[in-house]
4 protein chains.
Amino acid sequence: MLIHINPQLETPIYTQLANQIIEGIATGRLAPAEELPSVRSLAADLGINLHTVNKAYNYLKQEGFLQVHRQKGAIVSPTPMPAADEFYYQKLHEQLRPMVAESICRQVDEEEFLKLCRSLYQELVTQKEE
Amino acid sequence: MLIHINPQLETPIYTQLANQIIEGIATGRLAPAEELPSVRSLAADLGINLHTVNKAYNYLKQEGFLQVHRQKGAIVSPTPMPAADEFYYQKLHEQLRPMVAESICRQVDEEEFLKLCRSLYQELVTQKEE
Amino acid sequence: MLIHINPQLETPIYTQLANQIIEGIATGRLAPAEELPSVRSLAADLGINLHTVNKAYNYLKQEGFLQVHRQKGAIVSPTPMPAADEFYYQKLHEQLRPMVAESICRQVDEEEFLKLCRSLYQELVTQKEE
Amino acid sequence: MLIHINPQLETPIYTQLANQIIEGIATGRLAPAEELPSVRSLAADLGINLHTVNKAYNYLKQEGFLQVHRQKGAIVSPTPMPAADEFYYQKLHEQLRPMVAESICRQVDEEEFLKLCRSLYQELVTQKEE
DNA sequence: GTGGTCTAGACCACA
DNA sequence: GTGGTCTAGACCACT
């Protein structure tokens, strides 16, 4: 699975990394219980700092995406994620809110916005089914 | 129009402020050409520093939501925002992508996700039509 | 002679006004010794503050474009402006410098830049000759 | 590359700084992808506040001259600036207009004015070719 | 009274 | 050590 880091982006590198791993899990390119590269080798591959990879792994562990074993390295959580709860929906809501607001100002109508979401679901889910 | 700032949140205060003003514009609670409070008075009302308000106003000016007249204060841009272009859609896409990915992991299906978006459009647009 | 003020511009209103009067003199639309509107009437016409017009007139007086008589109002200086001296050239140089620098960065070549200057001379001088 | 700030001047310090960096890029004294000093060190060198340097850097980032990497500091944009578009020419036109007008009043003829522009192009471009 | 600029000093996230 | 953010207090140009 290819990971691409763009250090110029506003989003922190560790977040970019975590997001791409999450996407890998979502699409199935990273299977449950699959081993992830070691912190050291991934850092070397991506040309970033050890601490940065570590931070991403720890974040993902805390969120339940990974299990991190001290010596064995990190694996994708073998059990599925806990399903979305009220808090997750609220977080999603708060994140979407300003995006929808700005979209309305820019005359993006509801259907257009939904089309964008659908296309993302398509893109990510169909990879999973292949 | 009521604005509420939560200094505890991770999102910078000036971003919270800017987002709420954008939402005000989206819903029509802030009409085109409407005058906004001066940086000083708004800062005092919100209990934050005037530079923070200033930063929010300048961001919104740069994005085209506001016009800042040197001595008259800020007004909502009397002309509608430039419609969404390719870049805006791309930005939206990049923002939505990790949200959709995580949602898939948490077993939020497409319909559920779209429902959330629709409810936000409802909430914001119906205010506008009242 | 028509004067148009744009309060949204970054340039102060009094500067906009002064510049347009200078342009009027350059093009001959304002003849030597011609009377200018009173501070009061011009301010009313343009919908701006008395002080602002006053400031513009005083600036132009100080620079030698106008003569301001206490009761008779302002007139265009009946004698031609003092010719450009070393200081004026230096000021011009300092103003042009960053414009040329940025133009180089944006791949505006010298000929293109000169063409722009020529077209401005054309525009302003030919009015004078009509 | 030497930078000199004059706090007495009417032009804001951050603008003076930004202009000199732009000139550095135009002349090639600042090469694409070259690293700039950190805001702190440059501020110390110039004897100004780090926020002032920050403002200059952010302005240049926004205009596309620099890239600011969160933890690595600022670099000159490795890709050339977007070429001048209609808006840039219009901005240039508006800036040149009052300069040409005043020059006409001061009996600076077209050739004299163009000579000044040419000399600036000479000065800046020939540095580049060395 | 308005925003623009500058200074100063502080804390934080990131690498 | 880097930039990002926030606060505080000051002066200035403009209206």
Side-chain angles (χ1 to χ4, degrees), chain A residues 5 7-17 43 46-56 59, chain B residues 5 7 9-17 35-43 46-59 61 66-75, chain C residues 5 7-17 43 46-56 59, chain D residues 5 7 9-17 35-43 46-59 61 66-75:
Chain A
I5 295 299
Q8 310 167 23
L9 251 59
E10 56 184 11
T11 45
I13 296 177
Y14 88 94
T15 306
Q16 293 183 43
L17 176 52
L46 300 176
I48 61 180
N49 196 295
L50 287 176
H51 299 325
T52 309
V53 178
N54 222 327
K55 185 158 188 177
Y59 167 76
Chain B
I5 295 300
L9 252 55
E10 59 182 13
T11 46
I13 296 178
Y14 82 93
T15 306
Q16 293 181 42
L17 176 52
E35 289 182 16
L36 292 167
S38 75
V39 288
R40 277 176 182 78
S41 67
L42 186 52
L46 300 176
I48 61 179
N49 192 281
L50 87 176
H51 292 121
T52 308
V53 177
N54 208 348
K55 187 161 186 178
Y57 276 18
N58 272 316
Y59 167 75
K61 166 188 167 191
L66 302 186
Q67 287 180 357
V68 178
H69 297 62
R70 273 223 193 309
Q71 316 310 339
K72 287 174 22 186
I75 61 166
Chain C
I5 296 300
Q8 310 166 23
L9 252 60
E10 58 183 13
T11 44
I13 293 177
Y14 87 95
T15 305
Q16 293 183 43
L17 176 52
L46 300 176
I48 62 180
N49 196 295
L50 287 176
H51 300 325
T52 308
V53 178
N54 223 327
K55 185 158 189 177
Y59 167 76
Chain D
I5 295 300
L9 252 54
E10 58 183 13
T11 47
I13 296 178
Y14 83 93
T15 306
Q16 293 181 42
L17 176 52
E35 289 182 17
L36 292 167
S38 76
V39 289
R40 277 176 182 78
S41 67
L42 186 52
L46 300 177
I48 61 179
N49 192 281
L50 85 176
H51 291 120
T52 308
V53 177
N54 207 350
K55 187 161 184 177
Y57 276 18
N58 271 316
Y59 167 75
K61 167 188 166 190
L66 302 186
Q67 285 179 359
V68 179
H69 298 63
R70 273 221 193 308
Q71 316 309 339
K72 287 174 22 186
I75 62 167

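Here is how names work: the chains are called A, B, and so on, in the same order as the sequence lines, proteins then strands, and each is numbered from 1. Computed from heavy atoms alone, side chains included, the values below leave out hydrogens, waters and symmetry copies.
When the nearest nucleotides of DNA chain F are assigned to Val68(D) and Gly47(B) by heavy-atom distance, the more 5′-ward of the two goes with Val68(D). Both Thr11(A) and Thr15(D) lie close to DNA chain E; mapped to their nearest nucleotides by heavy-atom distance, the more 5′-ward contact belongs to Thr15(D). Along DNA chain E, the nucleotide closest to Pro12(D) and the one closest to Tyr57(B) are compared, and the more 5′ of them pairs with Tyr57(B).
Rounding to the nearest 0.5 Å places CG of Leu42(D) at 6.5 Å from CD1 of Ile48(D). A distance of 9.5 Å separates NZ in Lys61(D) from CG in Asn54(D), rounded to the nearest 0.5 Å. For the atom pair OG1 of Thr15(A) and CD of Glu10(A), the computed distance is 11.0 Å after rounding to the nearest 0.5 Å.
Residue Ile13(D) contributes atom CD1, which lies 17 Å from atom P of dG4(E) at whole-angstrom precision. Distance CD (Gln67(D)) to P (dT2(F)): 19 Å, rounded to an integer number of Å. Between the P atom of dC12(E) and the CZ atom of Arg40(D) lies a distance of 14 Å, rounded to the nearest Å. For Leu9(C) and dG3(E), the CG to P distance is 18 Å, given to the nearest whole Å. Nucleotide dG4(E) holds its P atom 15 Å from the OH atom of Tyr59(D), rounded to whole Å. Rounded to whole angstrom, the span from the CD atom of Glu10(C) across to the P atom of dA13(F) amounts to 18 Å. dG1(E) atom P lies 15 Å from atom CG of Leu50(B), rounded to whole Å. To the nearest angstrom, P of dG4(F) lies 14 Å from CD of Gln8(A).
A close approach under 4.0 Å does not occur between any side-chain nitrogen or oxygen of Asn49(C) and OP1 or OP2 of dC14(F). Under 4.0 angstrom from either OP1 or OP2 of dC6(E) there lies no side-chain N or O belonging to Tyr14(D). Not one side-chain nitrogen or oxygen of Thr52(C) sits closer than 4.0 Å to the OP1 or OP2 atom of dC14(F). Distances shorter than 4.0 Å separate none of the side-chain N or O atoms of Lys55(B) from OP1 or OP2 on dC6(F).
Pairing each heavy atom of Leu50(B) with each of Arg40(B), the nearest pair is CD1-CG, 3.9 Å. Across Thr52(B) and Tyr14(B), no two heavy atoms sit closer than the pair O-CB, 3.6 Å. When all heavy atoms of Ile5(D) and Leu17(D) are compared, the closest pair comes out as CD1-N, 4.0 Å. Looking at every heavy atom in both residues, Thr11(C) comes nearest to Gln16(C) through O-NE2, 2.9 Å.
Put simply, the side chain of His51(D) and the base of dG9(E) share a donor and an acceptor less than 3.5 Å apart. A donor N or O paired with an acceptor N or O is not found under 3.5 Å between the base of dG4(F) and the side-chain atoms of Arg70(D).
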How does DNA chain E look in dot-bracket notation if pairs are Watson-Crick or G-U with both distances under 3.5 Å, crossing ones as [ ], other-strand ones as |?
||||||||||||||.
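Comparing dC11(E), dG3(E), dT15(F) against the side chain of Val39(B) picks out dG3(E) as the nearest. For Gln71(B), the side-chain atoms get nearest to dG1(E) when compared with the rest of dT5(E), dG1(E), dC14(E). With dT2(E), dC14(F), dG3(F) as the choices, the nucleotide that has an atom nearest any side-chain atom of Ser38(D) turns out to be dG3(F).
Across all strands shown, Lys72(B) has no heavy atoms under 4.0 Å from either base or sugar-phosphate atoms.
For Glu35(B), the CD atom is loosely surrounded, since the number of other residues' heavy atoms within 6.0 Å does not exceed 12.
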